[in-house]
2 protein chains.
Amino acid sequence: MTDETGPRATTARRVGIADVAARAGVSVGTVSKALNGSGRLRDETRARVRAAADELGFTPISVARNLLAGRTFTVGVITTDSYGRFGIPVMRGAEDSLAAGEMIAFLCDGRDDPIREQHHLGKLLERRVDGIIVAGRRTDPRRPIGADLPVPVVYAFAPSSDPADCSVVSDERGAAQLAVEHLVKTGRRRIAHITGPQSHASANERAAGLAEALAAHDLEPVDEPYFGSWTEAWGRFAAAQLLRTHDDVDGVFCGNDVIARGVTDGLREAGISLPTQIGVVGVDNWGLVAEAARPPLTTVDLGLEEIGRRSAELLLDAINGHAQPGVHVVPGHLVVRES
Amino acid sequence: MTDETGPRATTARRVGIADVAARAGVSVGTVSKALNGSGRLRDETRARVRAAADELGFTPISVARNLLAGRTFTVGVITTDSYGRFGIPVMRGAEDSLAAGEMIAFLCDGRDDPIREQHHLGKLLERRVDGIIVAGRRTDPRRPIGADLPVPVVYAFAPSSDPADCSVVSDERGAAQLAVEHLVKTGRRRIAHITGPQSHASANERAAGLAEALAAHDLEPVDEPYFGSWTEAWGRFAAAQLLRTHDDVDGVFCGNDVIARGVTDGLREAGISLPTQIGVVGVDNWGLVAEAARPPLTTVDLGLEEIGRRSAELLLDAINGHAQPGVHVVPGHLVVRES
DNA sequence: TTGAAAGCGCTAACAA
DNA sequence: TTGTTAGCGCTTTCAA
């Protein structure tokens, strides 16, 4: 009955609901009600309990509460790209939305290794996460992480190859449209395309989007798309190549910012004045790259954070029984700089 | 008494230890022992229980086990830089070590906002994490995240300003030494320094390390360190400036890779041939930047992943009662490319 | 308005 | 060798 917090009651001492009950002179049930605002209690009692809880520095062990609730208010985020360029903003966004739902994320790095991924999946399930977000690094569809999982899954950025799954992706074609609109608006008519490897869905989608957009503006593409790699070196090389064969080019839509940066360097070093003679637009809005380019890049932001946010929202919906399967497309937006 | 898993027993049905017990015809206690390898059981029983568990697809709810164990086997990772350049490798490393201890990390993005940070701290404590890693983005000491916390804390990259805390940091002076050694070894004698803002500890430490290392080699520094910003533009500008006043320079140690990239561009554009006339060394080994530079950068890798790993190890030690307070320095290493 | 008691799913004594 | 029982810290009926 007596308070046992002796002289050694350091801050490290964990105080439980029972301690608060003893201190406030009520039962544990009452403490629970008082602190959660449930049940009907006298205001005075509620206040007394609150005071006791504060004095003791009581914070409820959510794990115990969750055990009872049958859920954990946690979700697992499995990234495939070691939190690289794409995973990070997605995670940021996801964390944002999750926090709004009083949830928190477990972090798992799949490193593009299916074994690791399955291992993590097992660990997450064991911990009874309420749901899982699988964040990819390429826009190519990926095989589902598992079949008939006991919790909902949302695929972010890299969609699941199963259309019945819930995926959130960027608007690849829309990105090309935004780029073309900007180029056209700034007076460009002869637009070329320098991009990544043809084996990447995003390179293909963006190229296709470009073709559509050019057609919509009654423009002929300048040459076939230059497929290569997502590197500056390729951008520089392709830019030189392009100039050699098409001296009337006045706009280049690049598959990503890294290539765009290479392109600006290649063009500049070939004596072209930017953006006067040729306008360049990239994709990604990767601050570091876009801002360091000369001139700083105009580029399409794919809205990665928004993808993360949306993924988390859809996951929360699914957890609450309102699953929205299918592919959800998040629009991007143009970021105008000087190129 | 009868099995209630009716026709609707879909995969989503959660099976508990009781279900396994019923299936195997033993008590729950026996199931627990069988599955955990504790107690003494007949092999036959153990096998039967295992079989039953497998058939039912049983995975124990770790949360229940942890409630009893009084710990959660989770740690919180609070980053201050939105998982940017520095936080990410640290997290990767931490996850590595944690997984080895059957732990998993909660991810919290502090965004350099003390309010957010405290909020996350509260959430983590509420969930009874066993420990916390605070991953910084600058090497400047930071104020402790809290006093007398009920769980151990390890500061990664950005040390705590309280020397009694446990911090894991990079070897800033050592980085300068590695750079100088390499430059000297490749025949450079007139070495200049272009770096970031003097308000950053890392800029100062690296400059100091450079001075020491030069002295150790009986070399005079070329001019005072050029303090500026961590940008390519500054690197380009400073390089031009440097050439104007010191035409005998044959080596430049740069405060980081971004600056180094600017420096290489600036030197090259001034007609200097690299690395023939001037050798350049950066710090960070940031793949994207170092590899895209012309020529690719020789740079010092600060061992961020190792910092993450070490932090997690020290945290696990502390959780197990073997705290090792103080500042732990992780050595870096030179990555030789062409510059 | 409050207290007592049952129970979330598991583990660990202690009995049998 | 196995079963029974008492909790881990909390929420939630149901009584009082």
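The figures here come from the full heavy-atom set of this structure, side chains too, leaving out hydrogens, waters and symmetry mates. In what follows, chains carry the letters A, B, and so on, assigned in the order in which the sequence lines appear, proteins first and then strands, with residues in each chain numbered from 1.
At D:dG3, one or more side-chain N or O atoms of B:Thr30 fall inside 4.0 Å of OP1 or OP2 (strictly under the cut-off).
A donor-acceptor contact shorter than 3.5 Å links the side chain of B:Ser62 to the backbone of A:Glu126. Between the side chain of B:Ser311 and the backbone N or O of B:Val168, no donor-acceptor pair lies under 3.5 Å. A donor-acceptor contact shorter than 3.5 Å links the side chain of A:Asn36 to the backbone of A:Ser32. Remark: side-chain polar atoms of B:Ser167 are paired, donor with acceptor, to backbone N or O of B:Ser160 under 3.5 angstrom. Judged by distance alone, with hydrogens and angles left aside, the side-chain atoms of B:Tyr155 form no donor-acceptor pair with the main-chain N or O of B:Val169 at under 3.5 Å. In terms of modelled atom types and a separation under 3.5 Å, the side chain of A:Arg48 and the main chain of A:Ala24 share a donor-acceptor contact. Judged by distance alone, with hydrogens and angles left aside, the side-chain atoms of A:Asp130 form no donor-acceptor pair with the main-chain N or O of A:Val75 at under 3.5 Å.
Contact check on B:Glu117 versus B:Arg143 returns a salt bridge, with a Lys/Arg side-chain nitrogen under 4.0 Å from an Asp/Glu carboxylate oxygen. In summary, A:Glu95 and A:Arg309 do not engage in a salt bridge, as defined by a charged side-chain N under 4.0 Å from a carboxylate O. Between B:Asp113 and B:Arg111, no side-chain nitrogen of the basic residue sits less than 4.0 Å from a carboxylate oxygen of the acidic one, so the salt-bridge criterion is not met.
Taking atom CD of B:Glu126 as the reference point, atom C1' of D:dC10 lies 13 Å away to the nearest angstrom. Distance A:Ile17 CD1 to D:dT12 C1': 12 Å, rounded to the nearest Å. Following rounding to the nearest Å, A:Arg40 (CZ) and D:dA16 (C1') show an atom-to-atom distance of 17 Å.
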ask   = So B:His328 and B:Glu313, side-chain hydrogen bond (donor to acceptor under 3.5 Å, both in side chains) or not? Walk me through it.
value = CA-CA 12 Å; B:His328 303 254; B:Glu313 286 165 10; over 6 Å; no
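Heavy-atom contacts of chain B under 4.0 Å fall on DNA chain C between two terminal nucleotides, which in 5' to 3' order are C:dG9 to C:dA13.
Looking at heavy-atom distances under 4.0 Å, A:Val26 makes contact with sugar-phosphate atoms alone, never a base.
Across residues 58-75 of chain B, B:Phe58, B:Pro60, B:Ile61, B:Ala64, B:Arg65, B:Leu68 each have a non-hydrogen atom less than 4.0 Å from an atom of DNA chain C (numbered order). Non-hydrogen atoms lying under 4.0 Å from DNA chain C are contributed by nothing in residues 44-52 of chain B.
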